[in-house]
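Order of the sequence lines fixes the chain letters, A, B, ..., with proteins taken first and strands second; residue numbering starts at 1 for each chain. Quick note: numbers below take in every heavy atom, side chains included, and nothing from hydrogens, waters or symmetry partners.
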2 protein chains.
Amino acid sequence: MPTTSPNKLKPRKTPTQSRSRVTVDAIFEATIQVLLKQGMAGLTTSSVAERAGVSVGTMYQYFPNKQALVYALNERFLTRLAENVEDTCALAAGRPASVAAEALIDTYWSVKTERMELTHALYRSVAELDNEALVHDFAARVDRATRGMFRESPDLHAEDVDRINLSLTTVIYGTVRNAFERGLDQENISALKSELKAMCRAYLASAAK
Amino acid sequence: MPTTSPNKLKPRKTPTQSRSRVTVDAIFEATIQVLLKQGMAGLTTSSVAERAGVSVGTMYQYFPNKQALVYALNERFLTRLAENVEDTCALAAGRPASVAAEALIDTYWSVKTERMELTHALYRSVAELDNEALVHDFAARVDRATRGMFRESPDLHAEDVDRINLSLTTVIYGTVRNAFERGLDQENISALKSELKAMCRAYLASAAK
DNA sequence: CCAAAACCTGATGTTTTATTCATATATCTA
DNA sequence: TAGATATATGAATAAAACATCAGGTTTTGG
């Protein structure tokens, strides 16, 4: 049962002439830009239309409503990412697990890099722009604490501390967040926790020898 | 220079009587509930007021505008998380790095678990509710690909594949995302990539012996 | 070259939302 | 208990946004 967009979100019509293909692209691009500059709150039909250099009416020719726009953007992005991952997996099948894992990392990384803007635009906390300073201060505060902690670890060399601190915190915060976002059951989620610990241990044993 | 809220977002006044303390708590709780059920788009002053069982006017007595509400919610959450991390770091300072890392994982994990609702409410993609099916399908598709890949890895036992697939993908997706969200410079970000690879290798070497 | 189809426009109607304020009620203090 | 202070109400206001549609322009195919 492959997903088809809910009716209320389906594109109204697909462009046939090249003129309108340009228009639709411009609308997508404008959506990204507005999302980046103003956040979801500033994403209004007219702000997008203006930025895209078209009239509001034109937008409604292709998208039944505002949400459909963001939906389509997301769909494009996720489909592209999924295709890349599938290709990578097909290529890496049969290779040692560590090679496969690295291939996966490369793929994910490059998709994110390629359209970093889009990634940022699509995945921003609901809190949005106003809270950036808040989040930044929080990050700095926490970073100070963890760096201080690792600096005093008897088994770490001074010159490794910053690198290891950065790696560990990024991996830990990212993994914890992702683990909870996936909506896994209790069993899987707690299994994940001990695997994450195992991973950090293995990393430290190999990196801080 | 410790952060003070931008003026436009500062609470209007702090409750002194217990009656109003109850009110403010109810407003916060209502904000979370609405955010969960309706997403940011459904977070209107009246929906929050209704859910909290107070009038709109009351809300404006304590918050100068709608954004201030979400801001305050975020501030509460982040401050609490930061304090927990600081405590943990103080306790774990001087212990071996792997012990410190595990303590950090426990702390983060417990804060997320404790108020999972709040976490979900605050960190949802701009796409919000409509796109949940989209994201779910995407996840399933990618999971199928990676599991297939690891199933064919010559160095993995069949009974380990699912566990390892879950761990690796969660760690990789979470880390990549977090790496890009942090706004690091090019140097740090590419250093991170190779550290992530090293981590996966070390994990596989120890887990799939 | 012409009619049909595709595409574009933007002022307009309608609905929704944020925010205020005059008024009423509760709590505190002396 | 009375006056002062804190808190609560919700109809009214004004601004903003969505979405439409009647009428124009451009492109296509024969």
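Heavy-atom nearest nucleotides on DNA chain D were determined for A:Gln17 and for B:Gly53, and the one closer to the 5' end corresponds to B:Gly53. If you find the closest nucleotide of DNA chain C to B:Leu43 and to A:Arg19, the one lying nearer the 5' end belongs to A:Arg19. Both B:Lys66 and A:Thr23 lie close to DNA chain C; mapped to their nearest nucleotides by heavy-atom distance, the more 5′-ward contact belongs to A:Thr23.
Here B:Glu152 does not pair with A:Arg95 in a salt bridge; the nearest charged N to carboxylate O distance is not below 4.0 Å.
Of the candidate nucleotides D:dA17, C:dC8, C:dT19, C:dC8 has the atom nearest to the side chain of A:Tyr62. The side chain of A:Lys13 approaches C:dC7 more closely than any other nucleotide in the set C:dC7, D:dT7, C:dG10.
Checking the phosphate oxygens (OP1, OP2) of C:dT9, no side-chain nitrogen or oxygen of A:Tyr60 falls inside 4.0 Å. Checking the phosphate oxygens (OP1, OP2) of C:dT9, a side-chain nitrogen or oxygen of A:Thr58 falls inside 4.0 Å. Within the structure, every side-chain polar atom (N or O) of A:Ser55 is placed at least 4.0 Å from both OP1 and OP2 of C:dG10. Between A:Ser20 and the phosphate of C:dC7, there is a side-chain N or O to OP1/OP2 separation shorter than 4.0 Å.
Between the CG atom of B:Asn65 and the P atom of D:dA14 there is a distance of 20 Å, rounded to whole Å. Taking atom CG of residue A:Leu69 and atom C1' of nucleotide D:dA19, one finds them 13 Å apart after rounding to whole Å. If you measure from atom CE of B:Met40 to atom C1' of C:dT16, you get 16 Å, rounded to the nearest angstrom. Taking atom CD of residue A:Gln61 and atom P of nucleotide C:dT9, one finds them 10 Å apart after rounding to whole Å. Between A:Arg21 atom CZ and C:dC8 atom P there is a gap of 12 Å when expressed in whole angstrom units. Rounded to whole angstrom, the span from the CD atom of A:Glu50 across to the C1' atom of D:dA16 amounts to 15 Å. Taking atom CZ of residue B:Phe63 and atom P of nucleotide D:dT7, one finds them 13 Å apart after rounding to whole Å. The separation between B:Met59 atom CE and D:dT7 atom C1' is 15 Å, rounded to whole Å.
Residues B:Thr107 and B:Asn84 have side chains that never bring a donor and an acceptor to within less than 3.5 angstrom of each other. One side chain, A:Ser47 or A:Thr44, offers a donor N or O that lies under 3.5 Å from an acceptor on the other.
One N or O on the side chain of B:Ser194 and one on the backbone of B:Ala191 form a donor-acceptor pair closer than 3.5 Å.
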I'd like to know whether B:Phe63 forms a ring-ring contact (aromatic ring centres under 6.0 Å, His included) with B:Phe28, so could you lay out the CA-CA distance, the side-chain angles of the two residues, the decisive distance to 0.1 Å, and finally the verdict.
CA-CA 11 Å; B:Phe63 304 96; B:Phe28 274 130; 5.7 Å; yes
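Backbone-only engagement by A:Thr16 is indicated by non-hydrogen atom pairs under 4.0 Å involving sugar-phosphate atoms exclusively.
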